[in-house]
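Here's the structure, in structure tokens; my notes come after.
A note on names: the letters A, B, ... follow the listed sequences, proteins ahead of strands, and every chain is numbered from 1.
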Amino acid sequence: MPELPEVEVTRRGIAPHVAGTRIARIEVRNASLRWPVPDGLDALLRGETLIGVTRRGKYLLLEYAPGWLLVHLGMTGTLRVMPEPGALPVAGVHDHIDLVFERCALRYRDPRRFGAVLFHPRSAGDVLLHPLLASLGVEPLTDDFDGHWLYAGTRGRTVAIKQALLAGSIVVGVGNIYASESLFRAGIHPRMPAGKLSRPRAEKLARAVKDVLAAAIEKGGSTLRDFVGSDGKSGYFQQEYFVYDRAGQPCRVCGTPIRQIVQGQRSTFFCPHCQK
DNA sequence: AAGGTAACCTGACTGC
DNA sequence: TGCAGTCAGGTTACCT
């Protein structure tokens, strides 16, 4: 589920419930995620106040005095607010971790276990120095990301623009859905070599990425309450896509059938008439 | 250095 | 009804 918009919506959904409150206990039922959940989290953080919840790319960063919890939702992860910390519903097989606070709990569920929960001690320096964060591209919704940055970042690259967007080393947060959607909005063929993007098209694509992600966050924002409770889910991805998952269906702009191709083992969707 | 790909894991869906 | 095969929102590690 989680591309950047859902991670951001999750952040906004959980932060008001837990920021500034103390953690009562941490229960790790299954430490076998993408990397092992570190031992001793409970001993390390019990009684500590959660200073704040921020986001870098698709990572949620929970700051405590001793350090940061890094949470990645992978493909199928969710982090949801459970309102009754003393009366938590029985954990399902994929409910791997509970962060129990004074007035609520956060439950981490991830059926496919591609996600991660890691710890970065303050003694190792700022969390942005963590190896998984240090070489990430810029945030798409800040002024750091614009046409100039995208243009400069793609010079000399022969890889397809779709894959360059997805890779996360130029800009973070553009997942498989929004890579296709952004390229459609910008009228750019997903197979175009990144280095051949003209300056104006780089401008247009950067704008499209920002607009698409911001719109998705808005959609998710309207379902924030769904993140509270045992069976909430975001509805942002139920929006009507222009191209994603629409192979064979008519382009919403010109009626040409949407095509599906594979790039780097991932599906790409585009309109062969609108995107050149 | 950049580019390609195998791998991690479960569940939903399709077709026989 | 069951079983095999395919595909899925991410990203790293390891080849060439």
Check the phosphate of [N] against [X], side-chain N and O only, distance under 4.0 Å to OP1 or OP2. Yes or no?
{"X": "A:His94", "N": "B:dG11", "value": "yes"}
{"X": "A:Arg34", "N": "C:dG10", "value": "no"}
{"X": "A:Arg266", "N": "C:dT11", "value": "no"}
{"X": "A:Thr76", "N": "C:dG9", "value": "no"}
{"X": "A:His72", "N": "C:dT11", "value": "yes"}
{"X": "A:Tyr178", "N": "C:dG9", "value": "no"}

Open item on the list: Strictly distance-based, threshold 3.5 Å: is any side-chain N or O of A:Gln275 a donor or acceptor partner for the main-chain N or O of A:His189?
Closed with: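 Not confirmed, A:Gln275 side chain does not pair with A:His189 backbone.
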Open item on the list: Using the P atom as the point on both nucleotides, what is the distance between C:dT6 and B:dA6, in whole Å?
Closed with: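 Here B:dA6 and C:dT6 have their P atoms 15 Å from each other.
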Test: [X] and [Y] ion pair at under 4.0 Å:
{"X": "A:Arg46", "Y": "A:Glu48", "value": "no"}
{"X": "A:Arg25", "Y": "A:Asp42", "value": "no"}
{"X": "A:Glu240", "Y": "A:Lys219", "value": "no"}
{"X": "A:Glu8", "Y": "A:Arg12", "value": "yes"}

Rounding to an integer number of Å, can you tell me how far [X] [atom1] sits from [N] [atom2]?
{"X": "A:Trp35", "N": "C:dT11", "atom1": "CH2", "atom2": "C1'", "answer": "7 Å"}
{"X": "A:Leu132", "N": "C:dT11", "atom1": "CG", "atom2": "P", "answer": "10 Å"}
{"X": "A:Leu165", "N": "B:dG3", "atom1": "CG", "atom2": "C1'", "answer": "17 Å"}
{"X": "A:Arg191", "N": "B:dG4", "atom1": "CZ", "atom2": "P", "answer": "12 Å"}
{"X": "A:Arg109", "N": "B:dG11", "atom1": "CZ", "atom2": "C1'", "answer": "13 Å"}
{"X": "A:Leu73", "N": "C:dG9", "atom1": "CG", "atom2": "C1'", "answer": "11 Å"}
{"X": "A:Ile161", "N": "B:dG3", "atom1": "CD1", "atom2": "P", "answer": "12 Å"}
{"X": "A:Leu166", "N": "B:dA2", "atom1": "CG", "atom2": "P", "answer": "18 Å"}

- [ ] Could you say whether A:Phe114 or A:Val93 is positioned toward the 5' end of DNA chain B, judged by the nucleotide with the nearest heavy atom to each?
- [x]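 Final value for this comparison: A:Phe114.
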Open item on the list: Go nucleotide by nucleotide along DNA chain B from the 5' end; which of A:Gln265 and A:Gly156 gets its closest nucleotide reached first?
Closed with: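 Here A:Gly156 is the residue nearer the 5' end.
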Open item on the list: Please pick, from B:dG3, C:dT12, C:dG9, the nucleotide with the shortest atom-to-atom distance to any side-chain atom of A:Arg157.
Closed with: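 It is B:dG3.
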TODO: Tell me which nucleotide among B:dG4, C:dA13, C:dA8 gets nearest to the side chain of A:Ser267.
DONE: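 When the side chain of A:Ser267 is considered, C:dA8 is the closest of B:dG4, C:dA13, C:dA8.
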Open item on the list: Can you say whether a donor on the side chain of A:Arg112 sits under 3.5 Å from an acceptor on the base of B:dC9, or the other way round?
Closed with: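 Under the 3.5 Å cut-off, the side chain and the base do form a donor-acceptor pair.
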Contacts under 3.5 angstrom, residues 157-171 of chain A side chains, donor-acceptor by atom type, not counting sequence neighbours:
from: A:Lys162; atom 1: NZ; to: A:Asn176; atom 2: OD1; distance (Å): 2.9
from: A:Lys162; atom 1: NZ; to: A:Thr268; atom 2: OG1; distance (Å): 2.9

Task: Heavy atoms from other residues, nucleotides or ligands near CZ of A:Arg122 exceed 12 (cutoff 6.0 Å) - done: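 Count over threshold, so yes.
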Task: CZ (A:Arg56) with more than 12 external heavy atoms under 6.0 Å - done: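 Yes, because the 6.0 Å sphere around CZ of A:Arg56 holds more than 12 heavy atoms from other groups.
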- [ ] Convert the base pairs of DNA chain C into dot-bracket notation, remembering that pairs crossing earlier ones are written with [ ] and that bases paired across to another strand are shown as |; include only Watson-Crick or G-U pairs under 3.5 Å.
- [x] .|||||||.|||||||
